[in-house]
**Q** 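Take this structure first; my questions come after.
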Amino acid sequence: MLDARFVRENPEKVREALKKRNMELDLAPFARIEEERLSIVRRLDDLRERRNKVNLEISELKKRKSGGEAAGLIEEMKGVSAEIKELEERHRELDREARDFLLALPNIPDESVPVGKDEAENVEVRRWGEPPKFDFQPLNHWDLGEMHGIMDFERASKIAGARFALMKGAGAKLERALMNFMLDLNTSRGYVEVFPPILVNRDSMIGTGQIPKFEGEYFRVADPELYLVPTAEVPVTNIHRQEIIEEEKLPIRYTAYTPCFRREAGSYGKDTRGLIRQHQFNKVEMVKFTRPEDSYAELEKLTGDAEEILRRLALPYRVMALCTGDLGFSSARTYDLEVWLPGQDRYREISSCSNFEDFQARRADIRFRRTGKKGTEFVHTLNGSGLAIGRTVVAILENYQQKDGGVVIPDALRPYMGIERIG
RNA sequence: GGAGAGGUGGCCGAGUCGGUCGAAGGCAGCCGCCUGCUAAGCGGUUGUGGGGGUAACACCUCACCCAGGGUUCGAAUCCCUGCCUCUCCGCCA
């Protein structure tokens with residue numbers, strides 16, 4: 001969420017930012033709402049000040065048993081109170097409208113973000129590793145998966161439906177091995193492991209920016225109203241919702257494994273086969289809370305931490321700086337990590353690392369207090385996948401496949417798998 | 001699921017028959033003073049958000065005693081609803 005005052009005073013900047021995101025939005029309604037709202041705030045304050053003073057007088061009079069004088073004042077205050085009540089009602093409405101408007105506004109991209117229309121204009125920052133050369137036609141991960149009996153999509157759809165997977169044997173173990181490998185690596189470099197609730201309330205979803213704008217993209221439980229997390233970002237960032245953190249505690253860094261659930265509405269034709277796009281997938285996430293002046297340095301580190309996982313697994317990847325048109329709703333700047341997939345002969349997203357600056361902090365009301373200073377400021381929040389596990393399974397199967405269809409287990413995973421190859 | 005208790009400032013905790021309560025008192029913190037040091041002692045001070053004001057402070061004002069409604073001239077204090085916590089019983093992984 002953007003600051004109401006900032007939007008009021010800098011409509012040009014907001015409009016410009018929205019334009020870079022391919023959005024047109026008329027800010028005039030917001031200006032009108034705020035103008036009326038603030039004039040009501042001022043009137044309300046005056047009336048309440050008067051009421052407070054007169055009430056004190058009434059109290060004094062009553063104490064001195066001058067009931068007669070008090071009666072007149074009470075009569076007068078009836079009118080004042082009625083007016084206050086009316087104004088309060090109107091203010092509630094306007095406040096709600098202003099907030100709804102702000103909640104629907106995306107973050108302002110950082111100036112360093114390349115301006116572009118869509119993903120085609122994302123900028124490659126660097127590349128690591130060489131895509132493997134095969135002297136045979138490499139298979140898709142779903143063919144490999146079925147060949148080795150470690151994935152069963154037919155039965156998964158019987159159990160749950162399309163876009164679900166049933167992992168078996170070495171496949172199931174690979175998921176578990178990756179989860180542990182990633183968590184171990186992340187905790188070894190200072191991230192605190194957490195295992196949060198996977199159903200969250202509406203306030204949490206609003207806090208990180210999933211709602212209200214993208215209501216339809218998430219699974220919701222009706223009674224009580226809860227949401228299946230689309231990413232650990234939601235519960236983990238909300239750990240500190242409505243808190244004031246002491247400066248010396250920052251930066252706070254968490255890592256968490258959770259399953260993730262997404263409706264994938266609107267992606268009907270896409271990635272219908274295999275593990276790439278599922279309603280449920282595993283992911284290890286990294287989340288940071290920092291001081292504003294540190295957040296961009298921390299974004300670089302965060303991205304580096306995610307890359308390190310791919311390097312340990314010796315999976316070739318590239319780092320993309322998302323352009324303004326492809327940037328997520330809450331993000332001010334994002335790097336996507338794309339891993340090479342031989343089965344698709346292209347790079348595919350496997351991690352997304354973002355700096356949200358104070359956008360989520362303002363929604364979720366997460367502040368900090370500078371040592372020795374009065375007042376509070378919003379923290380900056382960041383998060384990144386480290387990594388999406390389903391897609392890592394895809395990458396390993398496809399990159400490590402052999403001519404006979406066998407799959408070699410990367411060195412880093414062998415202690416976790418207990419075997420050197422599948423098949 | 002059944003029965004009961006409760007939600008007050010960083011923490012503990014008081015709030016009488018609704019009125020002068022942003023809220024006593026204690027602890028912790030900060031600033032002074034004082035005492036070789038430490039401890040003790042003395043005085044002062046310490047919440048958040050909005051609006052106005054200032055070059056910036058200062059300052060003025062409103063709101064906030066779990067949340068949202070209501071009663072009233074006036075509510076932390078009364079009423080309703082919701083949420084959460086705790087205890088006991090039942091049930092269950």
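Fair warning: this is a prediction, and the values are worked out from it, not measured in the lab. Below, chain A is the first sequence line, B the second, and so on; all start at residue 1.
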**Q** Which part of the nucleic acid, if any, lies within contact of Arg37(A), taking any heavy atom under 4.0 Å across all strands shown: a base, the sugar-phosphate backbone alone, or nothing?
**A**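 Nothing, no nucleic acid heavy atom in range.
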**Q** Can you classify the ring geometry of His279(A) versus Phe164(A) as parallel (below 30°), tilted (30 to 60°) or perpendicular (above 60°)?
**A**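 It falls in the tilted class, 30° to 60°.
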**Q** Give a yes or no on whether the backbone of Cys260(A) and the side-chain of Thr258(A) come within a donor-acceptor separation of less than 3.5 Å.
**A**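 Checking the backbone N and O of Cys260(A) against the side chain of Thr258(A), no donor-acceptor pair under 3.5 Å is found.
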**Q** Which part of the nucleic acid does Leu44(A) contact within heavy-atom distance under 4.0 Å: base, sugar-phosphate only, or nothing?
**A**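 Nothing, no heavy atom under 4.0 Å.
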**Q** NA contact type, Asp46(A), heavy-atom cut-off 4.0 Å: base, sugar-phosphate, or nothing?
**A**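 It contacts nothing in the nucleic acid.
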**Q** Determine the Euclidean distance between corresponding P atoms of A24(B) and G10(B); express it in Å to zero decimal places.
**A**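 Going atom to atom, P in each nucleotide, I get 14 Å.
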**Q** With a non-hydrogen cut-off below 4.0 angstrom, is Arg43(A) in contact with a base, only sugar-phosphate, or nothing?
**A**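 Touches nothing.
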**Q** According to the interplanar angle, ranging from 0 to 90°, do the rings of Phe359(A) and Phe329(A) count as parallel (below 30°), tilted (30 to 60°) or perpendicular (above 60°)?
**A**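 Answer is perpendicular, since the angle exceeds 60°.
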**Q** Indicate whether any N or O donor in one side chain lies under 3.5 Å from an N or O acceptor in the other, for Tyr400(A) and Arg421(A).
**A**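 No pair is found: no donor N or O on one side chain lies under 3.5 Å from an acceptor on the other.
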**Q** Side chains of Glu398(A) and His141(A) only: does a donor on one sit below 3.5 Å from an acceptor on the other?
**A**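 Side-chain D/A pair, Glu398(A) to His141(A): present.
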**Q** With a 4.0 Å heavy-atom cut-off, tell me which residues in residues 3-13 of chain A come close to RNA chain B, sorted by residue number.
**A**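 Correct list: Arg5(A), Arg8(A).
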**Q** How about NZ on Lys301(A), more than 12 heavy atoms from neighbouring residues, nucleotides or ligands closer than 6.0 Å, or not?
**A**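 Atom NZ in Lys301(A) is not crowded, with 12 or fewer foreign heavy atoms closer than 6.0 Å.
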**Q** What integer number of Å spans the C1' atoms of G74(B) and G19(B)?
**A**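 Their C1' atoms lie roughly 6 Å apart.
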**Q** With a 4.0 Å cut-off on heavy atoms, is Lys85(A) in touch with a base, just the backbone sugar-phosphate, or nothing at all?
**A**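 Answer is sugar-phosphate: Lys85(A) comes under 4.0 Å of backbone atoms only.
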